[in-house]
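Here is the structure we will look at, set down as structure tokens.
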Amino acid sequence: MLAPPLHPLVTGFGHDGKVRVDPVDMPYLDNDGTSYHPNQILVNWSSYKYNLADVVMMEEDGSTNYLELARAIAAILLTVTDQGAYIPLVNAVLDAIPADWWTDDPDYTDSWYTLAQNSSGTLPGARGNGQLTLEPYFVQEF
């Protein structure tokens, strides 16, 4: 059964201490009940200050521009400050999404808190709607 595509939003703090919200393009996540094995990088750790990030999975039900959504969320989250320690941002992301975005457009599917560079294995989502299998992958410089 075809389902609307899923779009992960990766959140954390950039090197400048400001909140980052990075959309990850995964248009192939569109078949309900299918286990995908994309071997795709989810978090570009070189963009983050801390060795922890959160992922919010959104389901595409409309014509949402996830880059614009990420920018809107990041602008609202600029009030969340880096206090010298990692702060989970999933709830802040969900609170920052405009109310009209919840009405038959993108749907919040699930979230994963405190992913680290060395996170591995299959992790259930906090909401219980999905699983995410991770393994560390390090890109070497030329």
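Predicted model, so just to flag it, every value in this text is computed and none were measured.
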Kindly compute the distance separating [atom1] ([X]) from [atom2] ([Y]), expressed to the nearest 0.5 Å.
{"X": "Phe13", "Y": "Leu52", "atom1": "CZ", "atom2": "CG", "answer": "11.0 Å"}
{"X": "Glu135", "Y": "Asn118", "atom1": "CD", "atom2": "CG", "answer": "13.0 Å"}
{"X": "Gln117", "Y": "Asn51", "atom1": "CD", "atom2": "CG", "answer": "4.5 Å"}
{"X": "Leu132", "Y": "Ser111", "atom1": "CG", "atom2": "OG", "answer": "11.0 Å"}

TODO: Could you tell me which non-hydrogen atom of Ala126 sits nearest to which non-hydrogen atom of Tyr113, and how far apart they are?
DONE: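 In terms of heavy atoms, the two residues are closest at CB-CE1, 3.6 Å.
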Task: Least distance between heavy atoms, Pro8 atom then Val55 atom - done: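 Pro8 and Val55 have their closest heavy atoms at CB-CG1, 4.0 Å.
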Do [X] and [Y] have side chains that approach each other closer than 4.5 Å (heavy atoms only, starting at C-beta)?
{"X": "Pro136", "Y": "Ser120", "result": "yes"}
{"X": "Val10", "Y": "Val24", "result": "yes"}
{"X": "Tyr36", "Y": "Met26", "result": "no"}
{"X": "Asp22", "Y": "Leu9", "result": "no"}

Return a table of donor-acceptor pairs under 3.5 angstrom between the side chains of residues 40-47 and protein atoms on other chains or two or more places apart.
unit_1, atom_1, unit_2, atom_2, d
Gln40, OE1, Tyr28, OH, 2.3
Gln40, NE2, Asp25, O, 3.0
Asn44, OD1, Ser46, N, 3.2
Asn44, OD1, Ser46, OG, 2.6

Task: Cation-pi geometry met for Arg20 and Tyr48 (6.0 Å, 45°) - done: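 That pair qualifies as a cation-pi contact.
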TODO: Could you state whether Tyr137 and Leu115 fall into the same hydrophobic cluster, counting links through intermediate Ile, Leu, Val, Met, Phe, Trp or Tyr residues with side-chain heavy atoms under 4.5 angstrom apart?
DONE: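 No: no chain of side-chain contacts under 4.5 Å links Tyr137 to Leu115.
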TODO: Could you work out the complete set of other residues in the hydrophobic cluster of Phe142, with links drawn between I, L, V, M, F, W and Y side chains under 4.5 Å apart?
DONE: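 Reading the cluster by chain and number, Phe142 sits alone, since nothing else belongs.
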- [ ] Please answer whether the main-chain N or O of Thr109 pairs with a side-chain N or O of Asn129 as donor and acceptor at a distance below 3.5 Å.
- [x]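 A pair under 3.5 Å: yes.
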